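Only one structure is covered here, and it is reproduced in the block below.
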Number of protein chains: 2
Amino acid sequence: MTPPEPRPRDRGIPEATVARLPVYLRALQALDDRGILTVSSEHLAETTGVNSAKLRKDLSHLGSYGTRGVGYEVEYLIYQISRELGLTQDWSVAIVGVGNLGRALANYGGFGTRGFRIAALLDADTAVLGDTVAGLPVGHIDTLEDVVRKEKVSIGVIATPAAAAQEVCDRFVEAGVTSVLNFAPVVLNVPPGVDVRKVDLSIELQILAFHEQRKADGYAGLDPFGKGPA
Amino acid sequence: MTPPEPRPRDRGIPEATVARLPVYLRALQALDDRGILTVSSEHLAETTGVNSAKLRKDLSHLGSYGTRGVGYEVEYLIYQISRELGLTQDWSVAIVGVGNLGRALANYGGFGTRGFRIAALLDADTAVLGDTVAGLPVGHIDTLEDVVRKEKVSIGVIATPAAAAQEVCDRFVEAGVTSVLNFAPVVLNVPPGVDVRKVDLSIELQILAFHEQRKADGYAGLDPFGKGPA
DNA sequence: ACGCCCTTGTGAACACGCGCACAAAGTGGG
DNA sequence: CCCACTTTGTGCGCGTGTTCACAAGGGCGT
Ligand SMILES: NC(=O)c1ccc[n+]([C@@H]2O[C@H](COP(=O)([O-])OP(=O)(O)OC[C@H]3O[C@@H](n4cnc5c(N)ncnc54)[C@H](O)[C@@H]3O)[C@@H](O)[C@H]2O)c1
Ligand SMILES: NC(=O)c1ccc[n+]([C@@H]2O[C@H](COP(=O)([O-])OP(=O)(O)OC[C@H]3O[C@@H](n4cnc5c(N)ncnc54)[C@H](O)[C@@H]3O)[C@@H](O)[C@H]2O)c1
């Protein structure tokens, strides 16, 4: 009936659950776009590739928003997950390093759709300064502190070469940024209270290679073309 | 009764360990470049941001390659990890979807350095067909099966819009590819035996947003040194 | 109003990974 | 040759996460 008041929920949401909420959210939005009003844990679990009991337990951490015998109300669940993830507010993001990857990120439309606003693009190379990428001018790295303060940047994205990443990270942290997304292949050192997540393509490929090798090792039967590594 | 252990050599390396081996490898190569011959678990652990006992346990899965009282021989460890990960052989990679991200990936130098060779770039858009990106011509998606066979592609990279990802994936699998790296924000459905790893920028940002919101939510003052996740 | 059937929410067992702490092993100095 | 010191390798307890299985809750048809 009347939507319950957003109460202070149990803050102890398991990390593993947090990592899955965005996946559920995406699936729910697809359902919503198709005009579907309710969904069962079984169905949602199937489309997101998780176990249905796990899904229910995940959702139970936000409180109980399902109806037995029916399922979950899609719109309401979208709202609850969004609120839990902090997507009901806008987050400013600054990208440092406007090379191959930085440009791709800047041009990526999916950013803004979910409350993430690219506040600034910064680089050290004078050759790219002043360029306009995705409608934003590329600023100088020395303005990082100003930008963070003025634009209230809360998430810093590092897309510089590895050698520069730690220094850029330090400047982010010094300027008050407490969340960093790092694409450079280095382990960043940060003080407690700062979250770093890394996206490392090279590691992903190496993990795939490991499993690929194992499949090939004495299990050639699964290999219709007998093609091993090149 | 007797567990399926046909192999004398224990191939049961924990997934969590596999995911860290590339990190160790990178640190070791940096040490090697500086001419350092041996390293202790303590030191290597510190530079890779893991617990030293965990590091030792990880390495113990490849056999015992350390010397008590001294540490590990850098070069030998590099070789052992490389071999375990399957990096002593070359792997052919095909990238489908040559847009913002696909171009960035193709232009990324770090690919080739570790035994990954970009064998082909494929796209469906006639506007980009024939373009040369990073020295490679962009081929038509319909040649996927031919390319996979001829180039012995074992890893498929999907950088198309979400709507096309499943279809591209199916074609990869049908052609015999058993390892897929997916950048599109969808859950891919694959038969058993096929490994899929996903890189999802949007999810990473949402996880950061969650923690950022929690930091802001009232607990800012209770925790002077921010014992939160780091 | 009643009972059937569907779906949720969760207790409990299990699997996995982490990190402490320590014995064993090896080094180097005296 | 012995002893003090360093560092590895690992047994073990702990915490987290996953899955099964099922009782309780709720809608809906009759
Ligand atoms: N391109 C990819 O697909 C890809 C894939 C995986 C990882 N990466 C990693 O992402 C990072 C960026 O890759 P890229 O291909 O875009 O490299 P790139 O060389 O094209 O771009 C790097 C940019 O960072 C700028 N830069 C350098 N030092 C800087 C500093 N101190 N402050 C600010 N800006 C600085 C450079 O001017 C350049 O514009 C690298 O660390 C790379 O290893 C890239
Ligand atoms: N650009 C980014 O930084 C970024 C970040 C996160 C996720 N992603 C995801 O990566 C994917 C690619 O992003 P992008 O920015 O490069 O998009 P893009 O639109 O620039 O490029 C997509 C390319 O795929 C091609 N394509 C479309 N359908 C195809 C098909 N059926 N077969 C083969 N090729 C096809 C298009 O012609 C285009 O060249 C998207 O799913 C996006 O959500 C991108």
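Just so you know, these numbers use all the heavy atoms, side chains as well, and skip hydrogens, waters and symmetry mates. Every chain is numbered from 1 and lettered A, B, ... according to where its sequence line falls, protein lines coming before strand lines. What you are looking at is a predicted structure, and each value in this text was computed from that prediction instead of being measured.
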- [ ] Measure from the side-chain heavy atoms of A:Lys54 and tell me the nearest of C:dC18, C:dT8, D:dT19.
- [x] D:dT19

Task: Given C:dC20, D:dT8, C:dC18, the nucleotide with the shortest approach to the side chain of B:Ala16 - done: C:dC18

Task: 5'-most by nearest nucleotide on DNA chain D - A:Gly69 or B:Ser64 - done: B:Ser64

TODO: Please indicate whether B:Gln29 has more than 12 foreign heavy atoms, meaning atoms of other residues, nucleotides or ligands, lying under 6.0 Å from its CD.
DONE: yes

Open item on the list: Nearest whole Å is fine: how far is C:dT8 C1' from A:Glu73 CD?
Closed with: 16 Å

Open item on the list: Counting only side-chain heavy atoms from C-beta out, which of C:dA12, D:dC20, C:dC18 sits nearest to A:Asn51?
Closed with: D:dC20

Task: Expected output: side-chain A:Gln213 to main-chain B:Glu84 donor-acceptor under 3.5 Å - done: yes

TODO: Measure the distance from CZ on A:Arg68 to C1' on D:dC22 and round it to the nearest whole Å.
DONE: 11 Å

Open item on the list: Applying the ring-ring contact (aromatic ring centres under 6.0 Å, His included) criterion to A:Tyr65, which one of A:Tyr76, A:Tyr72, A:Tyr24 satisfies it?
Closed with: A:Tyr76

Open item on the list: From the set C:dT10, C:dG26, D:dT8, return the single nucleotide nearest to any side-chain atom of B:Thr67.
Closed with: C:dG26

TODO: Would you kindly give the CZ-to-P distance between A:Arg56 and C:dT10, to the nearest whole Å?
DONE: 11 Å

Open item on the list: What's the closest nucleotide to the side chain of B:Val70 if the choices are C:dT27, D:dT10, D:dA21?
Closed with: C:dT27

- [ ] Examine C:dG9: is either OP1 or OP2 under 4.0 Å from a nitrogen or oxygen in the side chain of A:Ser60? Give yes or no.
- [x] no

Task: Short side-chain to backbone donor-acceptor contact, A:Ser92 and A:Glu151, under 3.5 Å - done: yes

Task: Spacing between B:Arg20 atom CZ and C:dG19 atom P, to the nearest angstrom - done: 8 Å

- [ ] Using atom CD of A:Glu42 as one end and atom P of D:dC20 as the other, report the distance to the nearest whole Å.
- [x] 11 Å

- [ ] Can you figure out which of C:dG17, C:dA25, C:dT8 approaches the side chain of B:Pro14 most closely?
- [x] C:dG17

Open item on the list: Using whole Å, what does the distance between atom C1' of nucleotide D:dG9 and atom CG of B:Asp58 come to?
Closed with: 13 Å

Task: Quiz item: A:Lys57 side-chain donor-acceptor pair to D:dT18 base, under 3.5 Å - done: no

- [ ] May I ask you to evaluate whether A:Ser41 reaches the phosphate of C:dT7, defined as a side-chain N or O under 4.0 Å from OP1 or OP2?
- [x] no

- [ ] Could you state the atom-to-atom distance from CG of A:Leu59 to P of C:dG9 in whole Å?
- [x] 8 Å

Task: Taking every non-hydrogen atom, the tightest pair across B:Ser41 and B:Leu55 - done: O-CD2, 3.2 Å

TODO: Nearest whole angstrom, please: distance from the P of D:dT18 to the NE2 of A:His61.
DONE: 10 Å

TODO: Report yes if a side-chain nitrogen or oxygen of A:Tyr65 is closer than 4.0 Å to either non-bridging phosphate oxygen (OP1 or OP2) of C:dT7; otherwise report no.
DONE: no

